[in-house]
Number of protein chains: 2
Amino acid sequence: MKIKIFDVKQITKYVIKNSLKRIFLYRACLVRLKLMGVKKVFSYTLANETGVTADQVRKDFSEFGIKGNKRGGYEVEELLEKMENIFHRNKDHNLVLIGMGNMGLALSKYSRFVQRNMNIVATFDIDPFKQKIRSDIPVYSMGRLKEIIDRFRVKVAILAVPEISAQEVADELIRFGIKGIVNFAPVLLKVPADVVVNNVNLCDELESVIYYVHKMMKVDGLKNIEILYRDMKY
Amino acid sequence: MKIKIFDVKQITKYVIKNSLKRIFLYRACLVRLKLMGVKKVFSYTLANETGVTADQVRKDFSEFGIKGNKRGGYEVEELLEKMENIFHRNKDHNLVLIGMGNMGLALSKYSRFVQRNMNIVATFDIDPFKQKIRSDIPVYSMGRLKEIIDRFRVKVAILAVPEISAQEVADELIRFGIKGIVNFAPVLLKVPADVVVNNVNLCDELESVIYYVHKMMKVDGLKNIEILYRDMKY
DNA sequence: TTTTATATGTGAATCTTCTCACATAAATGC
DNA sequence: GCATTTATGTGAGAAGATTCACATATAAAA
Ligand SMILES: NC(=O)c1ccc[n+]([C@@H]2O[C@H](COP(=O)([O-])OP(=O)(O)OC[C@H]3O[C@@H](n4cnc5c(N)ncnc54)[C@H](O)[C@@H]3O)[C@@H](O)[C@H]2O)c1
Ligand SMILES: NC(=O)c1ccc[n+]([C@@H]2O[C@H](COP(=O)([O-])OP(=O)(O)OC[C@H]3O[C@@H](n4cnc5c(N)ncnc54)[C@H](O)[C@@H]3O)[C@@H](O)[C@H]2O)c1
């Protein structure tokens, strides 16, 4: 893993940093607080609401270059704005979704993406029948993929096609300029080094819960549970 | 976060360990290799197929107490069996799914859960109309939740209800003996310490890809990309 | 204005995870 | 049957993440 060349396709196994995941939690919390009319927060407020420590909150802010007011905490509004900038949320993001099967359909109807400035501008499917399904978002044949990606300057795609087609479709997406893929198919895609892939594997998510539940049921004392917690990166 | 008491509800923020995630990758790879008729693997085979280093594979095996044959690698069959045991896959796991909206419907139709010994024995919805939707799996009213959980000894639930109802439904599930929840609603649930919650937040998954794509597009030299990779825990 | 109380921001310490390196065991070849 | 080759398994060292601890700035109080 020392030498990386852009043109060589390779398995991508990006893992989202925990600090970034936590930042998302803080933001969700801030949005709620703002709606409630709260003007100021402290690191321990966010900590309580998100199940982390206050130290961690401040350290995370430090990592992302976010500064508050000594002794005065953070202005909710200001903090949110800083985060919007970090996450490029001041601008809209156009997405395409490939595969209008069960999962694709659900995702295409999910209103929260739009609420967060992420617009699925079009969906695609190889099956002409799927292309007739009623949806707020147009369903096109794969032939129009390049045209739409160019027109809407799409950089990120959601991939919800069967496992068997995932690599082939990913190759096409990348050829047309896609730089980021959220992949729901349970395969590791081979992509050039400058393409970001986030694999969402729901089977694994379920199985890990089953795994931890089994572990938990074997535990009884409080001391043991502490060890188990560590094992789960609580 | 030092003192934990079972009866006090708290925000749970379990994070699945990366080593466990990698074990899932190895297993998926082994299943494929077995289908292809491969009998023996080496740590570097798995490494190549999953985008990690051979050292890491062996270290992970070491953590989970998996041993191979010196110089001889690992028997695919034997290795898979050991993993099945670790993940309790020799027995079936009964699940319930709450919320037969867009997401719930997609999940209820996902055949891979069954392939992996995870059976959604019943789904539930508050809406009588949803209860009439055609599905292979029965859709019940919430009134029958306890009965089904007891009958099928269900320990793990999939939660796909709107954000606003998620906590309330989770409370009910836990009251009826559920010990693990895969939560699709974008809220952190407050649960007793012996209940495992895995939050799947698809907005966050998307946003993090957008975040990394932006970062990637600012990078051009190979040296910088190395730093970026580190930042993404490649 | 001065004092006091308190929350931030960040190095240092600790704990965890990953990488490296190599002794070791066992197949293969001679 | 002995030498050689090669992959494992694991300590040791490096890198990374989290927690601790406290100097510092500043809002609030007096
Ligand atoms: N359904 C779920 O809940 C679920 C959960 C997790 C993961 N997944 C994964 O998501 C993917 C889709 O799952 P699904 O349940 O929606 O499957 P599905 O079969 O319902 O849908 C797949 C869709 O992709 C289309 N398609 C097939 N090949 C294509 C191609 N080459 N180009 C464009 N479109 C193509 C099909 O016409 C179909 O509409 C699968 O990889 C699956 O493993 C699904
Ligand atoms: N649709 C998606 O692609 C998607 C993606 C990510 C996350 N989610 C999340 O998953 C959850 C469900 O999303 P959705 O799109 O399926 O929404 P939806 O509105 O289509 O479905 C929600 C279902 O839950 C049922 N419900 C509501 N209150 C209930 C209660 N108290 N008990 C039992 N059932 C109840 C409703 O009748 C409805 O059928 C939401 O929290 C959403 O944020 C959805």
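A note on names: the letters A, B, ... follow the listed sequences, proteins ahead of strands, and every chain is numbered from 1. Just so we're clear, the structure is a prediction, and the values are computed from it rather than from any experiment.
Which of D:dA7, C:dT19, C:dC18 sits closest to the side chain of B:F42 comes down to D:dA7. With C:dT8, C:dT10, C:dT17 as the candidates, the nucleotide lying closest to the side chain of B:K17 is C:dT17. When distances run from any side-chain atom of A:R58 to the nucleotides D:dG9, D:dG11, C:dT10, the shortest one goes to C:dT10.
Atom CZ of B:F61 and atom C1' of C:dT17 are 18 Å apart (whole Å). When the P atom of D:dG9 is taken as reference, atom NZ of B:K82 falls 8 Å away, rounded to whole Å. Atom CD of A:E63 is separated from atom C1' of C:dT8 by 17 Å (rounded to the nearest Å). Whole-Å rounding puts the B:N18 CG to D:dT18 C1' distance at 15 Å. Rounded to whole Å, the distance from CG on B:D60 to C1' on D:dT10 is 14 Å. Put simply, CG on B:L46 is 12 Å from P on D:dG9, counting in whole angstrom units. The distance between atom CD1 of A:I16 and atom C1' of D:dG16, rounded to the nearest whole Å, is 18 Å. Atom C1' of nucleotide C:dT19 and atom CG of B:D55 are separated by 6 Å, given to the nearest angstrom.
Note: A:H88 and A:H93 have perpendicular aromatic rings, judged against thresholds of 30 and 60 degrees for the angle between ring planes. Between B:F61 and B:Y26, the ring planes are perpendicular. Angles over 60° get that label, and only those under 30° would be called parallel. Taking the six-membered ring where tryptophan is involved, the planes of B:F42 and B:Y44 are essentially parallel, since the angle between them stays under 30° and well short of 60°.
The pair A:E77-A:K40 does not count as a salt bridge, with every side-chain nitrogen at least 4.0 angstrom from each carboxylate oxygen.
Nucleic acid contact class of B:G72 (heavy atoms, under 4.0 Å, all strands): none.
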For nucleotides 2-6 of chain C, list the nitrogen or oxygen atoms of the protein found under 3.5 Å from its nitrogen or oxygen atoms, one pair per line.
residue : atom : partner : partner atom : Å
C:dA5   : N3   : A:R71   : NH1          : 3.0
C:dT6   : O4'  : A:R71   : NE           : 3.4

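Listed pair B:K67 / D:dT10 meets the phosphate criterion, a side-chain N or O lying under 4.0 Å from OP1 or OP2. Taking side-chain N and O atoms only, A:R22 has a distance below 4.0 Å to OP1 or OP2 of D:dT18. For A:Q56, a side-chain nitrogen or oxygen approaches OP1 or OP2 of D:dT19 to under 4.0 Å. Under 4.0 angstrom from either OP1 or OP2 of C:dA7 there lies no side-chain N or O belonging to A:S43. Phosphate contact (OP1/OP2 of C:dT10, side-chain N/O of A:S62, threshold under 4.0 Å): present.
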Problem set entry | CA sep, side-chain torsions, deciding dist, call: A:E63, A:R22, salt bridge (charged side-chain N to carboxylate O under 4.0 Å, His left out) | CA-CA 12 Å; A:E63 182 184 333; A:R22 287 194 301 266; 5.7 Å; no
Problem set entry | CA sep, side-chain torsions, deciding dist, call: A:I98, A:I158, side-chain contact (heavy atoms from CB on, under 4.5 Å) | CA-CA 6 Å; A:I98 323 294; A:I158 303 171; over 6 Å; no
Problem set entry | Criterion side chain to side chain donor-acceptor pair (under 3.5 Å) on B:Q167 and B:D171, from CA distance to verdict | CA-CA 6 Å; B:Q167 182 64 59; B:D171 290 346; 2.9 Å; yes
For this session: Applying side-chain contact (heavy atoms from CB on, under 4.5 Å), run through B:F24 and A:S208 and close with a yes or a no.
Result: CA-CA 9 Å; B:F24 284 125; A:S208 41; 3.9 Å; yes
Problem set entry | Residues A:K21, A:D60; criterion salt bridge (charged side-chain N to carboxylate O under 4.0 Å, His left out); working and verdict | CA-CA 10 Å; A:K21 282 194 194 161; A:D60 287 338; over 6 Å; no
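Using five terminal pairs a side, the axes of the helix from C:dT1-D:dA30 to C:dC30-D:dG1 at its two ends make an angle of 10°, given in steps of 10 degrees.
Positionally, the nearest nucleotide of DNA chain C for A:N69 lies more toward the 5' end than for the other of B:K70 and A:N69.
A donor-acceptor pair is defined here as one N or O able to donate and one able to accept, closer than 3.5 Å; no such pair exists between the side chain of A:N119 and the backbone of A:V114.
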